[in-house]
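The chains referred to below are lettered A, B, ... by the order of the sequence lines, with proteins before strands, and numbering in each begins at 1. Below, all heavy atoms of this structure are taken into account, side chains as well, without hydrogens, waters or symmetry copies.
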Amino acid sequence: MKLAKAYEPNQYEPNIYALWETSGAFRPSGKGPTFSTVAPPPNANGNLHIGHALDLTTKDIVVRYKRMKGFDTIYIPGADHAGFETWVVYDRELQKKGQSRFDFTREQLYSQVWNFVDQQRGNMELQVRALGASTSWEHLVFTLDEKVIKTVYGTFKKLWDEGLIYRGERMVNYSTKYQTSYADIEVEHRQEKGKLWHLAYPLIDKIGEIVVATTRPETIFGDVAVAVHPDDERYKDLIGYHVLLPLTGREIPIIADEYVDPEFGTGAVKITPAHDPNDFEVGKRHDLERIQVIDFDGRMINVPEQFLGHDVESIRPKVLAALKADDAIRKEEDHEHTVGYDYKSGLPIQPLIKEQWFLKIQPLAERALAALDNNEIRFWPASKAEVLKQYLRNVHDWNLSRQIPWGIPIPAFQNVDDPADWIFDERVDEEFITVDGKRYRREEDTFDTWFSSGQWPFVTTDALDGGELARFYPTDLMETGTDLLDRWIARMIMLGLYRTDQVPFRDVYLHGMVLDENSQKMSKSKGNVINPMDSIAEYGSDALRLGLIASRSPGQNQAFSTDRIISGRNFCNKLWNIARFVENLLGDHYELATPVPKTLADHWIISELKTANDNIERSIDSYRFAEAGENVYHAIWDSVADWYIEASKQEPNHDLLAWVLNTSLKLAHPFAPFVTETIWQTLPWNNTILMTEGWPTMINYSEIAAGEFARVQELVTEARFVANSLPGNQRYNLVYFKDSLIEDNQTLIKRLAKLGDIELVDQPRGVRLAVTGRDAWLDVSAATLAEHQTNLEQRLASTHSDVRALEARLGNENYVAKAPAKLVEETKNQLQDKQELIKRLQQELEVLQ
RNA sequence: GGGCGCUUAGCUCAGUUGGCUAGAGCAUCUCGUUUACACCGAGAGGGUCGGGGGUUCGAAUCCCUCAGCGCCCACCA
């Protein structure tokens, strides 16, 4: 079987994945200690973006490594119904057809979206496969699967029974565009330069006016009071009086409330309980009426004829014009403040009053905090633990209700005769139910997606009912983007502790965002989105994986780099060609045999691979993927290809070459699974699947022999350097005094350093290879010799400065006294070496002069 | 208003608990048609680690401070 000259990833990748999948390699082995991780479920009807690629790759590296290490390993894939996200897409489809969600019942909409998602669903899963993720497909969980809903209802019931669920009329973040409320964290706050308008409200029964300051004059129609601070001398006497509300002629009272900051604005605040969270609270304290003037569709209601039905976004200038006509504007000043925006539609979020289901978050947050304080979960980067604690300390009650049909229905029913009487019941398919002779109507809202996603680790592992995967809970690693720290990680910890009394995962690794090549955030509107599937088509899946993890550290945003992907592709090709070389040499009928190191190079390469192996293990264990990848890259490219293969051309050791190749493939497999498995499958002496092979085991070697080879390398490198720095491109001969290292490795040195001949002499001639300290010379003509002088002078100068630095260090009594003895000893040896080198260099210079 | 992070070679970034001459990829320069690979090989140049101060025998790494950049959280109208 012959390998093609260059590796063509697309020719092999799909077949290799199919081989893994059909052989059951993704299934947990059932043997050894467990290791588990759960994929953050990508949107079922969407396409993977570059962030998913990083996500899946990072986990896959750990998972493949652990599997090879003998762990009973599972990587659980998922698909997300992505409630709101998907709904927005479907809503657009409806609009295209000229339809509206209000034309259908919840059931109708639900099944329409279900079909819509079902049509698209395969894409995402194919893309996960294209990335090489070794997920156990038969354990895939969709967020609307029966078992998910069952668990979510169980959690809701438990919370309900324990008094942690309440239904309340509260100020919610409302999207008038999508007609649903949001959780606090879904609101995007933007710093804005706005205006602060000072509006005059004339007093009744008293001469004068009171001036209020507001950023939202259009809410004036909902004003029910003016509030001042009780101790504010300016207004003390006015408390209890009434003012005439401009544009409406309504009379409203002046009240006193501590909430007012006398320093801000005019010290008098218009109170609009229906449209401002603070005013809502003031309103409750003072038992004020709530007048809703902005409807849930964003149009003005309960306002004078001329404003009625207008869109709230465009009404402000009209209101200001009317106020101006009434001579009610006293002042207009610039004012910077933050405005909450709908992250999806880009329109401002309206604070509106709505009855919703809330979760009392305090007790859950406290438990999560305690677990974090106990260091039950480790974070990469570590600083994120503090950020998360900060969030948990300040978190507000969680609004679980969403007014969209695509989601898990909230299992609650309301007594038709008694609105305050709500009961829990799972018969959500029925609009009305009868319990104890009373008739109940169901809640039409669905759960916030994160309420179900927050239960993901124990849902997917069936931890609550001890299913076959229950042994994998708590999971070992949770890896996702930093942006999901509070919306997802926090919820999983809180709900995990609540339901299972255990933290849902032990390690949390957070990656930053993948930015575009110019370090800009990728977005559809900017048109700078990089599609991972395009990268795979062009460079191969392994190249994408290698390129994505290179130089990337946790929590840090980093630009996508085509150069790094190309470098990854080149690495795959290098691996391919190493295999080609070995296969050509060993032939189709070679059979694996116990390798025995013979040459110096043999001993050396074993030592190199052992060091690489140790470094790779350590790096993966501490989630330093870039570092691990670099170790793989250099061990294989520099040590195996550039030195060992070259040395093998002189004196091949077949059994060891096979071992070196197989070991290289194993070490590289977690990072570049496709090319390594492709090669493994092609090699006639392997008849297993690399993916489920064990992690490499090392063989014994001689440190002394390995060290000898390192000295050969030094000599070769210097010979190359000197030859390179001399004019012309000729092969030089090497002459030497009696030296067993050179004697024994003549042909190898000759080959590696591209020398002419090697000759034993008793009189030196030419340029001495002074740095290595051997009595060896490149036999160059007298004319060329002079050219070498500069080299020597430069080396001499830099060695002198090294010596000065070392001497200064050793001259420091404190250093000698306080630094570790080993370090001091090393420094002394270095100084000695450098001093000897100076002597040699000086001798050489004398010869030249 | 709080919190977090970044500033290291021309570019993009690594650098674990302070300790050999601060690394990588790409780019640059010189040389190379050795039958694994030009998606290649050999060699080289390039950094006062943002500025200043401190702790220490020793600082890119710890502390303080200044400057520039970025992100997250927060119901001051």
Side-chain angles (χ1 to χ4, degrees), chain A residues 3 5-7 171 173 184-185 189 196 212-216 227 259-261 263-266 268-272 276-281 335 337-338 340 351 381 383-384 386-387 390-391 394 396 482-483 485-486 512-513 517 519 539 543 547 550-553 555-559 561-564 566-585 618-619 622 624 626-627 630 633-634 641-642 645-646 649 717 720-725 728-729 751-754 798 801-802 805-806 809 812-820 822-824 826-827 830:
Chain A
L3 296 173
K5 194 165 178 183
Y7 175 57
M171 190 57 70
N173 310 300
D184 290 345
I185 48 174
H189 294 275
L196 193 60
V212 300
T214 181
T215 54
R216 299 190 70 197
Y259 145 72
V260 180
D261 174 7
E263 305 293 317
F264 188 88
T266 62
V269 189
K270 60 195 269 313
I271 299 298
T272 322
D276 180 278
N278 289 309
D279 296 4
F280 178 77
E281 295 302 322
H335 175 63
H337 62 141
T338 52
S383 61
K384 292 295 173 188
E386 205 44 53
V387 178
Q390 185 78 12
Y391 169 77
N394 301 316
H396 293 104
T482 40
D483 51 324
L485 185 63
D486 21 76
M513 237 183 299
E517 299 231 37
S519 297
Y539 303 107
S551 277
R552 196 173 289 274
S553 57
Q556 218 56 45
N557 292 349
Q558 203 199 310
S561 159
T562 304
D563 280 346
R564 286 188 202 283
I566 289 173
S567 158
R569 178 204 55 182
N570 295 353
F571 174 74
C572 293
N573 195 53
K574 177 56 81 170
L575 210 43
W576 184 258
N577 276 289
I578 292 170
R580 237 158 59 92
F581 172 82
V582 175
E583 211 214 340
N584 287 340
L585 198 66
R618 206 179 40 244
S619 306
S622 49
R624 289 205 288 266
E627 200 176 305
E630 220 172 275
Y633 183 96
H634 289 293
D642 290 344
I645 295 282
E646 290 309 316
K649 287 176 182 170
T717 304
R720 284 167 174 173
F721 167 72
V722 173
N724 232 312
S725 63
N729 306 313
R751 175 181 201 105
L752 294 179
K754 283 199 273 176
S798 85
S801 81
D802 289 347
L806 292 168
R809 195 178 301 167
N812 182 334
E813 284 172 27
N814 281 319
Y815 173 74
V816 179
K818 293 185 183 173
K822 209 175 103 191
L823 208 60
V824 177
E826 254 176 58
T827 311
Q830 278 167 20

How are the rings of Tyr7(A) and Trp576(A) set to each other: parallel, tilted or perpendicular (split at 30° and 60°)?
tilted
Quick one, Asn812(A) with Arg809(A), criterion side-chain hydrogen bond (donor to acceptor under 3.5 Å, both in side chains). Give me CA distance, side-chain angles, the key distance, then yes/no.
CA-CA 5 Å; Asn812(A) 182 334; Arg809(A) 195 178 301 167; over 6 Å; no
Round to a whole Å and report the spacing from CG of Leu806(A) to P of C20(B).
12 Å
Nearest heavy atom decides the nucleotide; on that basis, is Glu517(A) or Tyr259(A) closer to the 5' end of RNA chain B?
Glu517(A)
Tell me: NZ of Lys754(A) to C1' of C31(B), nearest whole Å?
8 Å
Do side-chain atoms of Asn573(A) reach the backbone of Ala6(A) as a donor and acceptor pair under 3.5 angstrom?
no
Sidechain N-carboxylate O distance under 4.0 Å for Arg580(A), Glu583(A)
no
If each of Thr717(A) and Asp279(A) is mapped to the nucleotide of RNA chain B with the nearest heavy atom, which maps nearer the 5' terminus, i.e. the 5' end?
Thr717(A)
Distance-minimising heavy-atom pair for Lys5(A) and Asn577(A):
O-OD1, 3.5 Å
Rounded to the Å, how far apart are Ile185(A) CD1 and C72(B) P?
13 Å
Return the value, rounded to whole Å, for the distance between atom CD of Gln556(A) and atom C1' of U7(B).
11 Å
Separation of Asp486(A) atom CG from G2(B) atom P, in whole Å?
20 Å
Using whole Å, report how far CD1 of Ile578(A) lies from C1' of C39(B).
13 Å
Can you tell me which stems involve RNA chain B, if a stem is defined as three or more consecutive Watson-Crick or G-U wobble pairs, both distances under 3.5 Å?
B:1-7 with B:67-73, B:10-13 with B:23-26, B:28-32 with B:40-44, B:50-54 with B:62-66
Measuring from the side chain of Asn573(A) (C-beta onward, heavy atoms only), which nucleotide among G19(B), G43(B), C39(B) has the closest atom?
C39(B)
